[in-house]
Amino acid sequence: FCWDLRSLRCSFSDACECRFQPDLEGLGCDLAQNVFGQHLARELLLQAVTDFVELAEPLKPLVLSFHGWTGTGKTYVSSLVVKHLYLDGSRSPFVHQFSPTLHFPHAERIEQYKDDLKRWIQGNLSTCARSIFLFDEMDKMHPGLIDVIVPFLGSSWIVFGTNYRKAIFIFVSNAGGEQINHVTLEFWRARKDREEMELRDLELAISKAVFDNPHNGFWQSQIIDEQLIDYLVPFLPLKRNHVKQCVKSELKQQDLPLEENLLQSVTDSITYFPEEEQIFSSTGCKTVASRINFFF
Ligand SMILES: Nc1ncnc2c1ncn2[C@@H]1O[C@H](COP(=O)(O)OP(=O)(O)OP(=O)(O)O)[C@@H](O)[C@H]1O
């Protein structure tokens, strides 16, 4: 069980800046128990977040970029980070999410979006230095837009009168997903244990795929030129056994019986690739919840 004693601690301490009260043990516990098939993302993230929040005066904000195929847990893992950093979890007013298709849909308004985004981040950081900014679908972001946040990501002390070094920025995208899938498949074909995969097996493939792509929000971005991303976090394609674990955990959450037949039927109803070997789920665990409803 993961105990959460933060409320208690928070009420006795002055250190509860913006109700930011990291529960790193809880985060580690949740990642280990509830995130399947992602040993690299789990380890890297826990280490990065731990190192960062333990610094009272960090030298720069923490900047993470999540990459991987659809339904592999990128959004889910971000929600766990938020849940374990703020007492109010995702309801915290200091957690901000941007999605290009929702917030920046019109290419011709890019100059306006640049101003808005800069002011928005600056304003939020003045209210609370311990803010989190999540940028979804980075592969759909207009190149150029994201560069307005460059001044907030580096290590100069004060930007526009705000101390911003305590913020966390998380970029999420499918970019690099195919390359990650390819390397993972090669591992499987070589009969190597998936857990033996190391970051260095993937890093080069991801950075090439992401940063050399003119359609990506990071294309020719100063964020890359100035090396402002601290960690590229890879999410591996999920195998049948991981999908089965997702089905099991969804059944538990919905208080439904854990019948082996049902578990197997839902797991088998998903499509797998490549066509010959059928190893990885083409939608990760994304459609699991809706499929369970279909079987009832
Ligand atoms: N590795 C995983 N472990 C446990 N559950 C998972 C995992 N991956 C996905 N899920 C489940 O599937 C749902 C959808 O996953 P999620 O939204 O995190 O995918 P994603 O990687 O962000 O996909 P996309 O790139 O399409 O946005 C989650 O809410 C979670 O319930």
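Every number for a ligand or one of its atoms is a count from 1 in the order of the listing. Computed from a predicted structure; not experimentally measured.
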Under 3.5 Å, side-chain donor or acceptor atoms of residues 94-101 against the rest of the protein: list the pairs with distances, not counting sequence neighbours.
from : atom 1 : to   : atom 2 : distance (Å)
Q97  : NE2    : D136 : OD2    : 3.3
S99  : OG     : E137 : OE1    : 2.9
T101 : OG1    : E137 : OE1    : 2.8

Fill in: Partner of D116 under side-chain hydrogen bond (donor to acceptor under 3.5 Å, both in side chains), chosen from Q112, K114, K118
Q112
Worksheet entry | E277: side chain to side chain contact (heavy atoms under 4.5 Å, CB included) partners, not counting sequence neighbours | W188, R189, P274, I279
Worksheet, complete the sentence: So OG of S92 and CD of Q21: to nearest 0.5 Å the spacing works out to 12.5 Å
Worksheet item: Do NZ/NE/NH1/NH2 and the carboxylate oxygens of R291 and E250 come within less than 4.0 Å?
Response: no
Worksheet entry | Proximal protein residues to ligand 1, non-hydrogen atoms under 4.0 angstrom | N34, V35, F36, Q38, W69, T70, G71, T72, G73, K74, T75, Y76, N174, L238, C246, C285, K286
Practice prompt. Using the test salt bridge (charged side-chain N to carboxylate O under 4.0 Å, His left out), find all partners of D212 that sit at least two apart in sequence or belong to another chain.
Written response: K208
